[in-house]
Amino acid sequence: MKIATWNVNSLRARADRVEDWIERSDADVLAIQETKCKDDNFPWELFERAGYDVAHFGFSQWNGVAIASRVGLDDVQRTFPEQPAFGKNGVDPVQEARAISAVVGTKNSSSGEKPLRIWSLYVPNGRALDDEHMPYKLEWLERLRAHAVAEVDADPAARLALTGDWNIAPQDEDVWDMQYFLDEGLTHVSPPEREAFHAFEASGFVDVVRPRHPGPGVYTYWDYQKLRFPKKEGMRIDFVLASPALASSVTDAWIDREERKGKGASDHAPVVVELD
DNA sequence: ATGGTCGCACGGCGA
């Protein structure tokens, strides 16, 4: 079974490319972030044509997450338990459309693979080190971790994939120039953000791409601005973190950098993981 | 040429 995660940066603007990529990649499951739409204008037909079931969680032009699967899509959950809400200056806090999960692999599993629960996650950006979105980001991650750890504690054989846009570059080699980020005082590389990410690893979750693709120079995101992609100035901020039981069935993992090329590309590349 | 982008929705925000 092949699972993937991809921040598409608007599903409607990217519909043709997403449909082409699904065909080309032969992924059984795709976790999507930044659909940037609501159910009313979600491109349901795209997935129907391709032969995938799809579940979506989005209620405005911001955020939005989805999971498409051709190997079953069961027990869909929108938001995780105790997912923090955000409201500017604490006013009218809402749980944003940043997390959806489903059990996949329950049907058409030709090679006999076992089901797993996959999460499609769009971690809050943080915006700036002194912005109120930064403590929100850190709290969001800690609540997610607490939930995921509880699942594995309850069942050490739990097959859990935490996939998506984490908006964190956990190591210096995950950005093209660490000094640039320090000089500019940018987010994604600060110690608290990195601690929030490493807490998942300390809890047993495994970044399944890094062992197969050591850095530096391995990225999943390149800003549209300043010719970052042709200049190979990227960031590795999209991850598949696998629970211990799931990590042991990973046979391959890679970043589809080709998809970042050409007119109409998302600023993120898909991350693909092969399971036995 | 020392800048250079997108997508939302149609002014300015978010990334």
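This is a predicted model, so every value here is computed, not measured. So that the names make sense, note that chain A is the first sequence line, chain B the second, and so on, each numbered from 1.
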Once side-chain hydrogen bond (donor to acceptor under 3.5 Å, both in side chains) is applied, do any residues pair with A:D74, and if so which ones, sequence neighbours excluded?
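If we apply the side-chain hydrogen bond (donor to acceptor under 3.5 Å, both in side chains) test to A:D74, skipping adjacent residues, the hits are A:T106.
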Residue pair A:R14/A:N63 against DNA chain B: nearer the 5' end by closest nucleotide is A:R14
Sorted by position of nearest nucleotide on DNA chain B, 5' first, the leading residue of A:D165 and A:K36 is A:K36
For residues 216-223 of chain A, run the donor-acceptor check on the side chains, cut-off 3.5 Å, and write out each pair with its distance to 0.1 Å, sequence neighbours left out.
from, atom 1, to, atom 2, distance (Å)
A:T220, OG1, A:I237, N, 3.1
A:T220, OG1, A:D238, N, 3.1
A:T220, OG1, A:D238, OD1, 2.6
A:D223, OD1, A:Q225, N, 2.8

In chain order, what residues pass the salt bridge (Lys or Arg N to Asp or Glu O under 4.0 Å) check against A:R127, with sequence neighbours excluded?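 By the salt bridge (Lys or Arg N to Asp or Glu O under 4.0 Å) rule, A:R127 matches no residue at all.
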Min and max contacting nt of DNA chain B in 5' to 3' order, chain A heavy atoms within under 4.0 angstrom, are B:dG4 to B:dA15
For residues 193-201 of chain A, tabulate all N or O donor-acceptor pairs below 3.5 Å that involve a side-chain atom, not counting sequence neighbours.
from, atom 1, to, atom 2, distance (Å)
A:E193, OE1, A:H188, N, 3.0
A:E193, OE1, A:S190, N, 3.4
A:E193, OE1, A:S190, OG, 2.6
A:E193, OE2, A:K137, NZ, 2.5
A:E193, OE2, A:H188, N, 2.9
A:R194, NE, A:A169, O, 2.9
A:R194, NE, A:P170, O, 3.3
A:R194, NE, A:V189, O, 3.4
A:R194, NH1, A:D172, OD1, 2.7
A:R194, NH2, A:A169, O, 3.3
A:R194, NH2, A:Q171, O, 3.2
A:R194, NH2, A:D172, OD1, 3.3
A:H198, ND1, A:R194, O, 3.0
A:H198, NE2, A:Q171, NE2, 3.4

query: Can you list the other members of the hydrophobic cluster that holds A:V91, where links are side-chain heavy atoms under 4.5 angstrom apart?
result: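 None, because no other hydrophobic side chain comes under 4.5 Å of this residue.
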Using a 4.5 Å side-chain heavy-atom cut-off and chaining through intermediate ILVMFWY residues, the residues clustered with A:W254 come out as A:W6, A:V8, A:L11, A:V18, A:W21, A:I22, A:L30, A:I32, A:F42, A:W44, A:L46, A:F47, A:Y52, A:V54, A:V272
*CD1 of A:I168 to CG of A:L138: how many Å apart, nearest 0.5 Å?*
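Taking CD1 in A:I168 and CG in A:L138, the distance rounds to 7.5 Å.
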| said: Holding to ring-ring contact (aromatic ring centres under 6.0 Å, His included), I want the full list of residues that pass it with A:Y224, two or more places apart in sequence or in another chain. | reply: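 With neighbours one apart ignored, the set is empty.
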(message) Would you measure the distance from the C1' atom in B:dG4 across to the matching atom in B:dA9 and give it in whole Å?
(response) 24 Å
(Q) When the C1' atoms of B:dC6 and B:dC10 are compared, how many Å lie between them, rounded to an integer? (A)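 To the nearest whole Å, 15 Å.
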Do any of residues 219-236 of chain A sit with a heavy atom less than 4.0 Å from DNA chain B, and if so which?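 Under 4.0 Å from DNA chain B: A:Y224, A:Q225, A:K226, A:L227, A:K231.
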